[in-house]
Amino acid sequence: MTAAPREFDIVVYGATGFVGRLTAAYLAEHLPSGLKVALAGRSRTRLEQVRAELGAAAADWPLVEADAGRPESLAALAASTRIVLTTVGPYAKFGLPLVQACAEAGTDYVDLTGEVLFHRESIDRFDEVAHRTGARIVHSCGFDSIPSDLGVHALYRAAQADDAGELTDTTLVVTAFRGGISGGTIDSLRNQIDVVRKDPAQRKVAARPYSLSPDVSQEPQLGRQNDLALVDGKTIAPELSGWKAPFVMASYNTRIVRRSNALTGWDYGKSFRYREVMSVGTSPVSPVLAGGVAAGLGALVLGLSFPPTRFLLDKVLPAPGEGPSESSRERGFFTIDLYTTTTTGARYTTRFAAQGDPGYKATAVMLGESALSLAVGGSALHAGGGVLTPAVAFGDVLTDRLRAAGFEITTRRLP
């Protein structure tokens with residue numbers, strides 16, 4: 001937390017974007033009394049339109065003009081507030097100047113990135129600065145990677161309470177999902193593909209399972225950890241059946257969870273192995289379906305890697321700033337189940353579920369509540385600064401707030 005009083009408690013940067021508007025609307029409806037919010041973006045006219053759409057609750061919210069192309073405007077923004085909430089991506093293109101401004105000003109920060117190369121650069125350039133100023137820089141506070149990070153944290157807390165040993169093999173299963181892929185996510189994928197095609201060193205960083213770890217040399221040697229493997233449900237837990245396909249965001253979320261383990265001094269355990277998959281049903285053809293999903297993910301990446309196929313894909317994939325209708329967002333949902341076995345043989349499962357399109361409505365709740373956790377969490381939050389993960393920065397504070405917001409986050413011990 002910042003020591004000196006600031007003009008605002010939270011500034012929503014990118015408030016005129018699709019998810020920015022949704023998050024601002026969530027804050028307008030759920031803001032605790034006494035907190036002051038401002039809306040920030042490049043265009044004052046568009047900010048005025050957004051504020052008007054938010055209704056009476058936001059009628060007196062100040063507006064701040066700021067632009068990633070004008071670092072001085074970001075420095076002024078960061079100096080004016082305790083917390084910056086940003087939805088402006090791709091973060092590799094637009095995010096680093098704001099991270100720098102917040103780290104130098106001692107201002108807490110939350111975002112929605114799912115970009116491993118941006119996250120790695122943020123660590124390398126600004127972790128030490130944020131440690132010194134006390135700024136908590138918390139990336140990935142939406143569907144990427146709150147369910148993954150807080151879900152594993154919940155498993156750890158249950159095992160810790162039972163004195164059941166450390167976590168070992170742990171798997172996240174996307175059991176049910178209805179929602180779309182945002183244009184911002186696709187644009188971030190395009191950008192990262194372009195970078196790794198041109199730079200073999202960056203390609204190696206993106207591929208490393210511990211690419212976000214504080215010190216890769218200290219990580220345990222647990223053999224290959226493949227994010228694109230097909231998995232028999234029975235190998236995850238005896239209760240599961242059918243083959244599981246790779247989860248599209250596994251190559252990012254797994255690195256967040258491993259960073260959480262390292263930042264806590266390997267509280268989860270030095271033999272902790274983590275993967276993410278998704279259910280494709282339990283019929284006899286589930287191996288074929290799982291293989292088809294894996295092939296489809298590979299085809300999407302390959303298609304975006306070459307100009308002719310990218311041109312065709314760009315005509316059908318959502319563009320940045322686009323999103324589903326309100327009715328579609330309301331019909332969305334996700335159910336995620338995580339399974340672990342501890343060093344004593346105890347088994348636990350955590351269910352993390354919510355109504356609302358995962359990448360839009362549910363993400364607006366997760367991002368908004370992340371900012372509110374920093375605003376009101378007090379001594380229950382991580383005390384020091386640095387480039388942190390959601391589980392390390394917020395822990396039980398955000399878990400409790402999401403439950404109060406209607407999320408299901410339940411953990412039980414399996415027989």
Side-chain angles (χ1 to χ4, degrees), residues 18-19 22-23 26 87 112-114 140-155 170-186 188-189 227 231 233 236-237 239-240 242 244-254 256-257 274-282 286 289-290 293 296-297 318 323-340 349-370 389-391 394 398-412:
F18 196 90
V19 179
L22 294 177
T23 307
Y26 181 81
T87 62
L112 291 175
T113 190
S140 311
C141 295
F143 189 62
D144 309 318
S145 304
I146 295 287
S148 307
D149 211 28
L150 289 191
V152 174
H153 175 76
L155 293 172
T170 304
T171 303
L172 176 149
V173 181
V174 181
T175 303
F177 181 97
R178 181 173 182 172
I181 299 176
S182 74
T185 297
I186 294 296
S188 295
L189 177 60
D227 294 320
V231 180
I236 300 170
E239 300 85 356
L240 297 183
K244 311 303 175 187
F247 179 47
V248 64
M249 288 307 299
S251 61
Y252 183 73
N253 294 335
T254 54
I256 293 286
V257 172
Y274 181 68
R275 63 188 174 186
E276 296 190 349
V277 296
M278 61 183 292
S279 177
V280 290
T282 59
S286 65
L289 295 174
V293 170
L297 292 176
S325 66
E326 182 178 0
S327 61
S328 295
R329 297 196 303 269
E330 292 294 329
R331 291 195 300 269
F333 59 85
F334 71 89
T335 299
I336 285 173
D337 293 309
L338 299 97
Y339 300 86
T340 196
T349 184
T350 290
R351 171 155 288 189
F352 200 116
Q355 291 296 311
D357 187 294
Y360 295 97
K361 182 179 180 180
T363 279
V365 177
M366 288 184 273
L367 181 60
E369 290 294 347
S370 294
T389 59
F394 311 127
L398 182 55
T399 299
D400 291 342
R401 293 193 66 87
L402 289 176
R403 287 184 181 127
F407 281 51
E408 178 185 357
I409 310 174
T410 54
T411 304
R412 60 188 175 92

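Just so you know, these numbers come straight off a predicted model, no measurement behind them.
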Seminar exercise, completed: Scanning both residues in full, the closest heavy-atom pair of T411 with A154 reads OG1-CB, 3.5 Å

Problem set entry | Worked check of side-chain hydrogen bond (donor to acceptor under 3.5 Å, both in side chains) between Y26 and E369 | CA-CA 9 Å; Y26 181 81; E369 290 294 347; 2.5 Å; yes

Exercise. Of all heavy-atom pairs between P147 and I336, which one has the smallest distance, and what is that distance?
Worked result: CB-CD1, 3.8 Å

Problem set entry | For the student: nearest non-hydrogen atoms of A391 and D149, plus distance | N-OD2, 2.7 Å

Exercise. Parallel under 30°, tilted from 30 to 60°, perpendicular over 60°: which one fits the rings of F143 and F177?
Worked result: tilted

For this session: Answer yes or no: are there more than 12 heavy-atom neighbours, outside R403 itself, under 6.0 Å from its atom CZ?
Result: yes

For this session: For the residue pair Y339 and T350, confirm or rule out a side-chain donor-acceptor distance under 3.5 Å.
Result: no

For this session: Answer whether the closest heavy-atom distance between the side chains of C141 and F394 falls below 4.5 Å.
Result: yes

Exercise. Does some side-chain heavy atom of P246 sit less than 4.5 Å from a side-chain heavy atom of D227?
Worked result: no

Problem set entry | Heavy-atom side-chain contact between N253 and L172 under 4.5 Å | no

Exercise. Is atom CD of E408 surrounded by more than 12 heavy atoms (other residues, nucleotides or ligands) closer than 6.0 Å?
Worked result: yes

For this session: Could you tell me the separation between the CZ atom of R401 and the CD1 atom of I409, rounded to the nearest 0.5 Å?
Result: 12.5 Å

Exercise. Does any non-hydrogen side-chain atom of R351 lie less than 4.5 Å from one of T335?
Worked result: yes

Exercise. Hey, are the side chains of P324 and D357 touching, using non-hydrogen atoms and a 4.5 Å cut-off?
Worked result: yes

For this session: Determine whether S145 and T254 make a side-chain contact, defined as any pair of heavy atoms from C-beta on separated by less than 4.5 Å.
Result: no

Exercise. So how far is it from Q355 CD to R178 CZ, rounded to the nearest 0.5 Å?
Worked result: 10.5 Å

Exercise. Given V174 and F334, is the side chain to side chain contact (heavy atoms under 4.5 Å, CB included) satisfied, shown in steps?
Worked result: CA-CA 8 Å; V174 181; F334 71 89; 5.8 Å; no

For this session: Compare every heavy atom of S148 with every heavy atom of E276, then report the nearest pair and how far apart it is.
Result: OE2-OG, 2.7 Å

For this session: Step by step, work out the side chain to side chain contact (heavy atoms under 4.5 Å, CB included) result for T87 and L367.
Result: CA-CA 9 Å; T87 62; L367 181 60; 3.6 Å; yes

For this session: Sort out for me which residue in T175, V280, T171, I236 forms a side-chain contact (heavy atoms from CB on, under 4.5 Å) with K244.
Result: I236

Exercise. What distance separates Y360 OH from T23 OG1, expressed to the nearest 0.5 Å?
Worked result: 12.0 Å

For this session: Please determine, by modelled atom types, if S328 and S325 share a side-chain donor-acceptor pair under 3.5 angstrom.
Result: yes

Problem set entry | Over all atoms of both residues, closest heavy-atom pair of A405 and V365 | CB-CG1, 4.0 Å

Problem set entry | L22 side, atom CG; F18 side, atom CZ - distance, nearest 0.5 Å | 5.5 Å

For this session: Check for a donor-acceptor pair, side chain of R331 on one end and backbone N or O of G356 on the other, with a separation under 3.5 Å.
Result: no

Exercise. What's the verdict on side chain to side chain contact (heavy atoms under 4.5 Å, CB included) for D144 and L112, showing C-alpha distance, side-chain angles and the deciding distance?
Worked result: CA-CA 7 Å; D144 309 318; L112 291 175; over 6 Å; no

Exercise. Is L150 close to L402 at the side-chain level, that is, under 4.5 Å between some pair of heavy atoms?
Worked result: yes

For this session: Using distance alone, with no hydrogens and no angle criterion, decide if T349 and D337 have a side-chain donor and acceptor under 3.5 Å apart.
Result: no

Seminar exercise, completed: Residues L398 and S370: closest non-hydrogen pair is CD2-OG, 3.6 Å

